[in-house]
Undergrad: 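Shown below is the structure under consideration.
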There are 2 protein chains.
Amino acid sequence: MAARLPPPGADFTETTVTTRLVYDGGLVKLRRDEVRLPDGKPAWREYVVHPGAVMMLAFVDEATILLERQYRYPRHRHFIEIPAGKLERDESPLATARRELVEECGYEAAHWWHIASLDPSIGYSTEVIELYGARGLTHVGHHLDEGEHLETFAAKLADALEWVRTGLITDTKTTFALLWWAQWGRFPTS
Amino acid sequence: MAARLPPPGADFTETTVTTRLVYDGGLVKLRRDEVRLPDGKPAWREYVVHPGAVMMLAFVDEATILLERQYRYPRHRHFIEIPAGKLERDESPLATARRELVEECGYEAAHWWHIASLDPSIGYSTEVIELYGARGLTHVGHHLDEGEHLETFAAKLADALEWVRTGLITDTKTTFALLWWAQWGRFPTS
């Protein structure tokens, strides 16, 4: 059994004094808050307000998943990723996952289960990504969003893991999902 | 041997038409670019311009590393993380790692080696995090930046990995480092 976390030595909570939307773009919303530090001093924090996202290990069979290849403009290159997407307003993470698997990859899945949660950018974003597993795939045809360009392919988990080791896959959600599954992955029995 | 990546089916490169700094904060710099999509249509991309960062597995012994506990305002809670920090201007990643290990944890390390690279937020940030290993630690006393509040503790790798499995550790850089090392970690022989 794992040791418990050591008891906190101190409470470092920062309390909000004021909050202000400083940039409201089509994709990125940025806030700048005045805060009070645990020692009582004033400071400020800037961060992206994110609606949350999902990602999925979509199993073609027990050893094979769907991957995507797409261009990521901020890094000016193509990336290999698992299917993923952002929550729309009032959409649950599972509903988002179902929607994105059809839109991006053209598949519906009979069985879905939650695997883990990931905080990809705790220094400057509120984003949380929920990881789901999906199996029992049926091809229904994809319909990418306007302006979305990507291609989907099936890959062996063992190969994808090797691509993490050799640095061909460096996207954080994809490395997390592949490494987590390699360590603890087990299909739900029901 | 792992299979090669399938050959690209298409080039999805998006080319820059204009680029504009739309927010220049103390922490976050945000750009909005007009781009040309692979099908020739116009679009825009918003993204955080990040100087890059480092993170480190700092080994107290072969089975024990340094962890930190700190409050992350965007997520409004404390997180367990490995030591990390952002590059300062003209600073190399390794120099940043050496500096941050002293500043945050109070240790110098005799041996450093590069382990892997991680792209934590390819949808809306240029950030890349370089993961280093450090061993041969000597305590020299820490000196946190003004306004920086955190505590450092040593933990068994096996316990930290279990904290990933149970969701006590969800920070992406920390989960990546722990899972990567659990899968492939090996100390350099020289």
Side-chain angles (χ1 to χ4, degrees), chain A residues 2-3 5-6 8-10 12-14 22-23 25-28 30 32 35 37-38 41 43-48 69-75 78-80 116-122 124-126 147 149-151 153 156 159 162-163 165 167-168 170-172 175-176 179-180 182-184, chain B residues 2-3 5-6 8-10 12-14 22-23 25-28 30 32 35 37-38 41 43-48 69-75 78-79 116-126 147 149-151 153 156 159 162-163 165 167-168 170-172 175-176 179-180 182-184:
Chain A
L5 277 172
F12 300 125
T13 301
E14 300 168 358
V22 291
Y23 184 78
L27 175 70
V28 173
L30 196 72
R32 182 180 167 111
V35 305
L37 297 180
K41 290 183 180 162
W44 50 265
R45 299 286 179 244
E46 290 170 343
Y47 57 99
V48 172
R69 180 176 161 277
Q70 63 178 311
Y71 189 80
R72 293 299 199 159
Y73 182 80
R75 300 279 296 111
H78 294 76
F79 280 85
I80 306 297
S117 302
L118 182 67
D119 289 280
S121 192
I122 57 179
Y124 60 94
S125 174
T126 66
H149 297 84
L150 60 85
E151 57 194 16
F153 59 99
K156 296 287 178 194
D159 289 335
E162 181 67 7
W163 298 332
R165 190 184 69 79
L168 283 175
T170 58
D171 164 48
T172 208
T175 60
F176 177 75
L179 285 164
W180 199 102
Q183 195 70 232
W184 301 300
Chain B
L5 278 172
F12 300 125
T13 300
E14 300 169 358
V22 290
Y23 184 78
L27 175 71
V28 173
L30 195 72
R32 182 182 167 111
V35 305
L37 297 179
K41 289 183 181 162
W44 49 265
R45 298 285 179 242
E46 290 170 344
Y47 57 98
V48 172
R69 180 177 162 277
Q70 63 178 311
Y71 189 80
R72 293 299 198 158
Y73 182 80
R75 300 280 296 111
H78 294 76
F79 280 85
S117 303
L118 182 67
D119 289 280
S121 192
I122 57 179
Y124 58 94
S125 174
T126 65
H149 298 84
L150 59 84
E151 57 193 17
F153 60 99
K156 296 287 178 195
D159 289 336
E162 182 66 6
W163 297 333
R165 190 184 68 80
L168 283 175
T170 57
D171 165 49
T172 208
T175 59
F176 176 76
L179 285 164
W180 200 103
Q183 194 70 232
W184 300 300

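Chain A is the first sequence line, chain B the second, and so forth, proteins listed ahead of strands; every chain is numbered from 1. Keep in mind that this is a model prediction, so the values were computed, not measured.
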Undergrad: Check whether A/Ala10 gets within reach of chain B through its side chain, its backbone, both or neither, counting any heavy atom under 4.5 Å.
TA: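 Backbone plus side chain of A/Ala10, per the 4.5 Å heavy-atom cut-off to chain B.
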Undergrad: Among side-chain atoms of B/Thr172 and A/Thr172, is any donor-acceptor pair under 3.5 angstrom?
TA: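 Checked: B/Thr172/A/Thr172 side chains pair up, N/O donor to acceptor below 3.5 Å.
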Undergrad: With respect to chain A, which residue among B/Glu14, B/Arg45, B/Lys41, B/Arg72 yields the maximal number of heavy-atom pairs within a distance under 4.5 Å?
TA: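 Among the listed options, the one with the most contacts to chain A is B/Glu14.
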Undergrad: At a 4.5 Å cut-off on heavy atoms, which part of A/Thr13 comes close to chain B: side chain, backbone, both, or neither?
TA: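 Answer is both: backbone and side chain atoms of A/Thr13 are under 4.5 Å from chain B.
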Undergrad: Tell me, side chain or backbone of A/His149 under 4.5 Å from chain B's heavy atoms, or both, or neither?
TA: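 Interface part for A/His149: both.
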Undergrad: How close do B/Phe12 and A/Tyr71 get, counting heavy atoms only, and between which atoms?
TA: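 Closest pair (atom of B/Phe12, atom of A/Tyr71, distance): O-CB, 3.2 Å.
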Undergrad: Where on B/Phe153 is there a heavy atom nearer than 4.5 Å to chain A: the side chain, the backbone, both, or neither?
TA: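 When you check distances to chain A, only side chain atoms of B/Phe153 fall under 4.5 Å.
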Undergrad: Between B/Gln70, B/Gln183, B/Arg69, B/Lys156, which shows the greatest number of heavy-atom pairs under 4.5 Å with chain A?
TA: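 So the answer, after comparing B/Gln70, B/Gln183, B/Arg69, B/Lys156, is B/Arg69.
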Undergrad: Output the option from A/Ala43, A/Gly25, A/Ala182 having the highest count of non-hydrogen pairs under 4.5 Å with chain B.
TA: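 Option with the greatest count: A/Gly25.
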Undergrad: Quick one: which of B/Leu37, B/Leu168, B/Val22 has the most heavy-atom pairs under 4.5 Å with chain A, could you say?
TA: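 Among the listed options, the one with the most contacts to chain A is B/Val22.
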Undergrad: With a 4.5 angstrom heavy-atom cut-off, which part of A/Tyr23 approaches chain B: side chain, backbone, both or neither?
TA: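 Contact with chain B is through the side chain of A/Tyr23 alone.
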Undergrad: Pick one of side chain, backbone, both or neither for A/Ile80, based on which atoms fall under 4.5 Å of a heavy atom in chain B.
TA: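 For A/Ile80, the side chain is the part near chain B, not the backbone.
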Undergrad: Could you look at B/Thr175 and say if it's the side chain, the backbone, both or neither that has a heavy atom under 4.5 Å from chain A?
TA: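 For B/Thr175, the side chain is the part near chain A, not the backbone.
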Undergrad: Do you know which two heavy atoms are closest between B/Gly123 and A/Pro74, and how far apart they sit?
TA: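 Shortest heavy-atom contact: O-CG, 3.7 Å.
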Undergrad: Taking C-beta and beyond as the side chain, do B/Tyr124 and A/Ser125 meet within less than 4.5 Å on heavy atoms?
TA: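 Yes. Closest side-chain heavy atoms under 4.5 Å.
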Undergrad: Where do B/Leu179 and A/Trp180 come nearest, in terms of heavy atoms and distance?
TA: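 Of all heavy-atom pairs spanning B/Leu179 and A/Trp180, the closest is CD1-N, 4.0 Å.
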Undergrad: Pick whichever of B/Pro6, B/Ser117, B/Ala116 has the most heavy-atom pairs under 4.5 Å with chain A.
TA: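 Sorted descending by pairs with chain A, the first entry is B/Pro6.
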Undergrad: If I measure from the heavy atoms of chain B, does A/Val35 come under 4.5 Å with its side chain, its backbone, both, or neither?
TA: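 The side chain, not the backbone.
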Undergrad: Does a side-chain heavy-atom distance below 4.5 Å link B/Thr170 with A/Leu118?
TA: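 SC-SC contact between B/Thr170 and A/Leu118 ruled out.
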Undergrad: Could you tell me which residues satisfy side chain to side chain contact (heavy atoms under 4.5 Å, CB included) with B/Trp44, sequence neighbours excluded, listed by chain and number?
TA: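 Scan of B/Trp44 (side chain to side chain contact (heavy atoms under 4.5 Å, CB included), adjacent residues dropped) gives A/Leu27, B/Arg32, B/Glu46.
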Undergrad: Check whether B/Ile122 gets within reach of chain A through its side chain, its backbone, both or neither, counting any heavy atom under 4.5 Å.
TA: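 Both backbone and side chain.
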